[in-house]
Amino acid sequence: MKTRLIAVALTLCMIISLASCSNTPTDGTSSAADSSQDTSNAPTAAPTAEPIDISGVELINAGTLSIGVEIGYPPFEDFAEDGTTPIGYDVDFAKALGEKLGLEVNFINTAWDGIFQGIDVNYDCVISAVTITEERKETMIFSDPYINNFQAVVVKADYTGEINGFTDLDGMTIALQKETTSDKLMKDYVSTGTIECTISANEKVTTCFTQLTNGEIDAVVVDSTVAAAYLASDPDKYKLAFQDESEPEQFGVAMGMDNTALQTAINKAIEQLEQENYFEDSVEFWFGA
Amino acid sequence: MSFWRKLTDIRNWKTSSKAAVILFMAAVVLFSVLSFINLSREEMMESASDQIKQIIEEEKESTRKYLTITYNDLGAVSYLSFSTSGAKAIRESYVGFAGRTYNADMGLAKFTGQMVNYTYRMLGKGENMLHGVKLTLMLTTLSMAIGFFLSIFLALGKISSNTILSKLCGAYVFFFRGTPLLIQLFVVYFSFPIFFNFSWRGLFSSTDPEAVYKGAFLAALIAFSLNTAAYCAEIVRAAIQSIDKGQNEAAKALGMTYGQTMRTIIIPQSIRRMIPPLCNEFVMMIKDVSLVFAISLMDITTISKSIMTSEGNYLVFLPALVIYLIITAVLTFVFGKIEKRLSIYE
Amino acid sequence: MDDYEFILKTEQLCKSFGSLQVLKGIDLEVKQGEVICIVGPSGAGKSTYLRSLNQLERITSGKIFIKDELFLHREHNRTIHKAEAEKLKAMLLEMGMVFQRFNLFPHKTVLENVMIAPVLVRKKSRDDAEKLARSIIERVGLSDKFDVYPSKLSGGQQQRVAIARALAMEPEIMLFDEPTSALDPELVGEVLNVMKALAKQGMTMLCVTHEMGFAREVADRVVFMADGMILEAGPPKQFFENPKNEKAISFLRSIL
């Protein structure tokens with residue numbers, strides 16, 4: 001399955017690069033100048049097939065899609081090495097959306113605490129690895145999902161035990177990021193008395209992995225997408241012990257309750273991107289095989 | 001001796017003290033009676049709806065349970081809730097008071113239930129010493145005690161005539177006051193294990209599930225003690241230097257050594273002058289403890305913030321404020337008493 | 001009794017604070033049991049001289065002998081000779097000091113003030129020290145104030161406690177640095193009486209004082225200091241009735 005994905009992705013890459021070449025004859029020089037940023041060869045949206053009507057959409061700043069994002073959750077959103085350029089899966093996705101909608105995109109870095117309170121106040125929508133949940137749907141609306149995510153368990157590379165499910169974490173000390181799906185899930189396991197384990201809940205996901213490296217904890221429970229990125233960058237430090245494929249989570253763009261016009265436009269854009277195989281390509285780029 | 005005599009000589013107490021004691025004792029009695037007649041977990045469980053009872057029956061055998069039962073006993077008031085998470089979440093909550101159970105899904109009862117639940121969590125009840133108020137109190141008290149002890153030597157070193165020692169102590173103070181406590185905490189917790197190849201958890205029994213918290217607590221204790229020592233050192237130094245030079249000369253003329261002079265003459269006198277700034281430092285410390293969020297410990301602020309993000313209820317800050325105020329009030333009172341006792345000679 | 005000529009002797013004692021020369025070569029010989037009053041205008045260096053004797057000030061140059069033994073010899077701010085540590089300490093303890101501003105320990109009661117040094121320095125047992133302290137406090141007439149803190153005492157009473165505190169170390173020489181200058185006039189008498197009694201008992205005393213009546217009555221010798229030098233010294237009768245030095249004459253005229 002994975003190999004096929006790569007094949008598809010590679011072909012896609014070629015098609016996209018060919019397409020972009022043919023569309024912009026001067027690309028050779030300009031892309032060389034752009035490539036000072038290592039994300040310049042990240043997938044971009046293919047040229048718009050049919051323009052999406054955004055006449056009914058009300059934006060905080062006309063002509064610009066303002067996006068709330070908590071930068072610091074690699075590989076979804078992070079700063080490039082220069083410390084100011086936002087990069088990541090969500091960032092690319094937002095830029096692709098902008099192209100589709102014919103809007104500038106403006107990222108507004110904000111803390112996760114209270115990120116949803118800022119919708120329609122500081123920004124039009126939130127694209128920040130937000131899981132679509134029934135609870136959240138009570139206070140905001142979501143676009144169609146743009147990526148699937150699973151809960152995963154990461155252990156040290158030299159871990160010898162076997163973990164086939166969350167119940168196998170019984171008696172272990174685990175780390176997770178506070179107020180995330182992982183946190184809710186594991187607290188659920190513990191508070192219902194299903195298993196007993198010691199939870200180290202951290203503000204940042206990096207703290208969890210440092211704790212794992214330092215031997216403070218036995219395992220990290222985290223989004224599979226995030227896990228993939230850590231595994232890809234440090235394969236001799238960490239390994240994936242378990243991934244729960246049974247209950248996928250979906251990430252969506254969060255918007256204010258009344259902003260259905262924007263929702264319609266974004267869904268249309270996502271549909272077009274889907275058709276252009278943008279997502280497979282981007283997943284391959286950011287999360288590897 | 002005279003203190004106890006004064007305390008037991010009730011007839012000579014001030015009227016206001018008598019009134020305060022009577023009121024306090026009445027409150028204690030009322031609280032004990034209410035606690036005594038309050039419902040136990042089992043008694044409150046009987047109020048559960050049939051749906052919940054059915055789920056409990058169903059889940060008895062299953063290995064993966066979905067129902068969370070929360071029972072918080074705060075003495076006179078208790079709180080019980082049933083909840084499941086997911087798309088079709090169920091939620092039922094009850095407040096127990098004066099031997100009766102009230103449904104707490106809305107209105108005043110809901111508010112009471114939430115307050116009981118939040119207070120319970122912030123107090124770290126049902127948890128060990130490393131949670132909530134207990135963590136805050138233990139971390140501040142211990143690190144203040146250790147830091148103050150260290151600070152005396154730092155201050156003496158800084159005012160010593162030995163230039164190297166003085167510069168060294170000065171550098172210590174400069175370093176710890178010149179860098180943020182949060183970063184010092186990070187260095188101790190994250191960097192030390194890498195430099196010296198150990199893990200904080202590894203310092204405790206590997207079979208102890210709480211070892212990770214104990215390790216983090218130890219790291220926090222070290223960082224906070226070292227930091228507060230630097231701040232206290234300046235307080236101690238200022239207090240020592242504010243003592244009249246004549247005291248030193250008198251002691252020297254009597255043949256007392258430097259150590260004897262410091263121990264019996266200068267430091268005892270300067271302690272009284274340290275009390276107000278030390279109390280200040282203590283109160284600041286109580287709030288600084290919230291930095292332990294960074295190394296996965298949960299103090300009052302961290303707990304209330306986490307409740308706020310997960311439940312979106314801003315009322316959570318009410319009990320947090322009250323708890324902080326009570327701690328600060330008690331502390332200020334105790335320090336005031338100490339100061340008064342120490343100034344008996346003035 | 002030890003066999004020595006002078007209990008205290010200084011030779012060419014000099015002291016400078018930076019470029020300011022405060023003592024310009026003080027020679028003084030004190031016999032055991034002698035009461036010497038040092039008088040002179042303020043800024044003459046009288047207090048500095050007393051403080052140099054028991055090492056509260058470090059002298060620039062000169063020699064100090066105690067019981068004819070060289071205790072300290074310094075030249076150009078460098079120590080040439082110094083008695084061994086043990087002996088140095090013992091010699092220093094021969095001198096008791098009473099300060100102008102009492103310098104009692106405010107956090108200790110009268111009894112504790114007097115007891116503390118015998119216990120810590122002389123290593124006496126608490127019982128012995130207390131017995132001694134009580135008898136000395138009685139001698140200065142404060143037997144009803146054992147457990148009182150200094151802040152509750154009058155200036156005169158505080159200075160008497162300070163004298164008792166110095167006496168508790170059983171010194172052979174008492175140095176008084178303007179002991180009555182900080183007192184209200186009506187309290188001066190009680191302190192002087194204690195000092196007179198002490199002189200009568202044969203204590204060797206060096207008093208820097210402005211109380212000319214006391215000097216005239218009690219002193220064996222009056223030393224007149226001005227500008228860091230001893231300009232005249234002699235028995236009180238001779239000094240007060242027939243001073244020879246110009247400055248001494250004008251000094252006496254100004255205060256009498």
Side-chain angles (χ1 to χ4, degrees), chain B residues 1-6 148 152 155-156 159-163 235-236 238-278 335-346, chain C residues 47 50-51 53-58 85-86 88-110 112-123 147-153 158 161-162 164-171 173-177 182:
Chain B
M1 269 316 259
S2 65
F3 174 73
W4 289 113
R5 212 175 302 145
K6 242 164 76 187
F148 178 61
I152 295 175
L156 291 178
I159 58 180
S160 126
S161 51
N162 183 331
T163 337
I235 294 173
V236 172
I240 287 177
Q241 288 182 333
S242 75
I243 300 298
D244 182 26
K245 260 195 173 156
Q247 293 290 307
N248 230 322
E249 290 180 349
K252 205 170 164 191
L254 288 169
M256 289 163 70
T257 63
Y258 176 78
Q260 288 171 337
T261 309
M262 280 297 159
R263 217 177 52 243
T264 61
I265 307 298
I266 307 296
I267 292 177
Q269 286 184 59
S270 54
I271 280 186
R272 199 195 63 77
R273 301 185 189 190
M274 296 174 202
I275 296 291
L278 276 182
F335 270 88
K337 280 277 168 215
I338 295 175
E339 192 184 354
K340 219 170 168 188
R341 295 228 71 188
L342 286 178
S343 35
I344 191 164
Y345 57 80
E346 280 188 353
Chain C
S47 288
L50 275 203
R51 293 161 59 83
L53 293 179
N54 71 348
Q55 306 298 297
L56 288 179
E57 302 289 353
R58 180 180 271 193
E86 276 304 303
L88 195 77
K89 194 176 164 191
M91 285 172 154
L92 273 175
L93 292 185
E94 300 294 356
M95 289 179 273
M97 177 108 176
V98 175
F99 299 87
Q100 180 181 351
R101 291 182 56 242
F102 331 137
N103 292 350
L104 289 178
F105 305 134
H107 61 305
K108 304 248 177 232
T109 61
V110 167
E112 288 166 342
N113 259 283
V114 180
M115 272 172 68
I116 184 164
V119 170
L120 290 177
V121 182
R122 291 268 191 229
K123 308 289 177 204
D147 296 318
V148 175
Y149 285 100
S151 59
K152 298 281 182 294
L153 297 177
Q158 288 193 46
V161 175
R165 183 176 65 176
L167 288 175
M169 291 300 285
E170 300 171 314
I173 312 167
M174 284 287 281
L175 310 176
F176 291 87
D177 186 4

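Residue numbers start from 1 in every chain, and the chains themselves are labelled A, B, ... in the order their sequence lines are given, proteins ahead of strands.
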Set of residues satisfying side-chain contact (heavy atoms from CB on, under 4.5 Å) with respect to C:R122, sequence neighbours excluded: C:L93, C:K124, C:M169
If you take all heavy atoms of B:T264 and C:K108, which pair is closest and at what distance? O-CE, 3.7 Å
Ranking C:R165, C:M95, C:K152, C:Q55 by heavy-atom pairs under 4.5 Å to chain B gives rank one to C:R165
Side chain, backbone, both or neither: which part of C:F105 has an atom under 4.5 Å from a heavy atom of chain B? both
pair C:V121-B:Q260: side-chain heavy atoms closer than 4.5 Å: yes
A side-chain contact here means heavy atoms from C-beta on lying under 4.5 Å apart; do B:E249 and C:M97 qualify? no
Which of the residues C:V148, C:L104, C:T109 is involved in the greatest number of heavy-atom pairs with chain B at under 4.5 angstrom? C:L104
B:R272, B:K252, B:Q247: which one forms the most heavy-atom pairs within less than 4.5 Å of chain C? B:Q247
Residue selection (most heavy-atom pairs with chain B, distance under 4.5 Å) from C:P150, C:A168, C:P106, C:S151: C:P106
Shortest non-hydrogen pair, C:I116 vs B:M256, comes out as CD1-CE, 4.2 Å
For C:N54 and B:A253 the tightest heavy-atom approach is ND2-CB, 3.9 Å
B:F335: partners by ring-ring contact (aromatic ring centres under 6.0 Å, His included), with sequence neighbours left out: B:F282
C:A117 and B:L254 have their tightest heavy-atom pair at CB-CB, 3.8 Å
In terms of heavy-atom contacts, B:D244 and C:R101 come closest through OD2-NH1, 3.9 Å
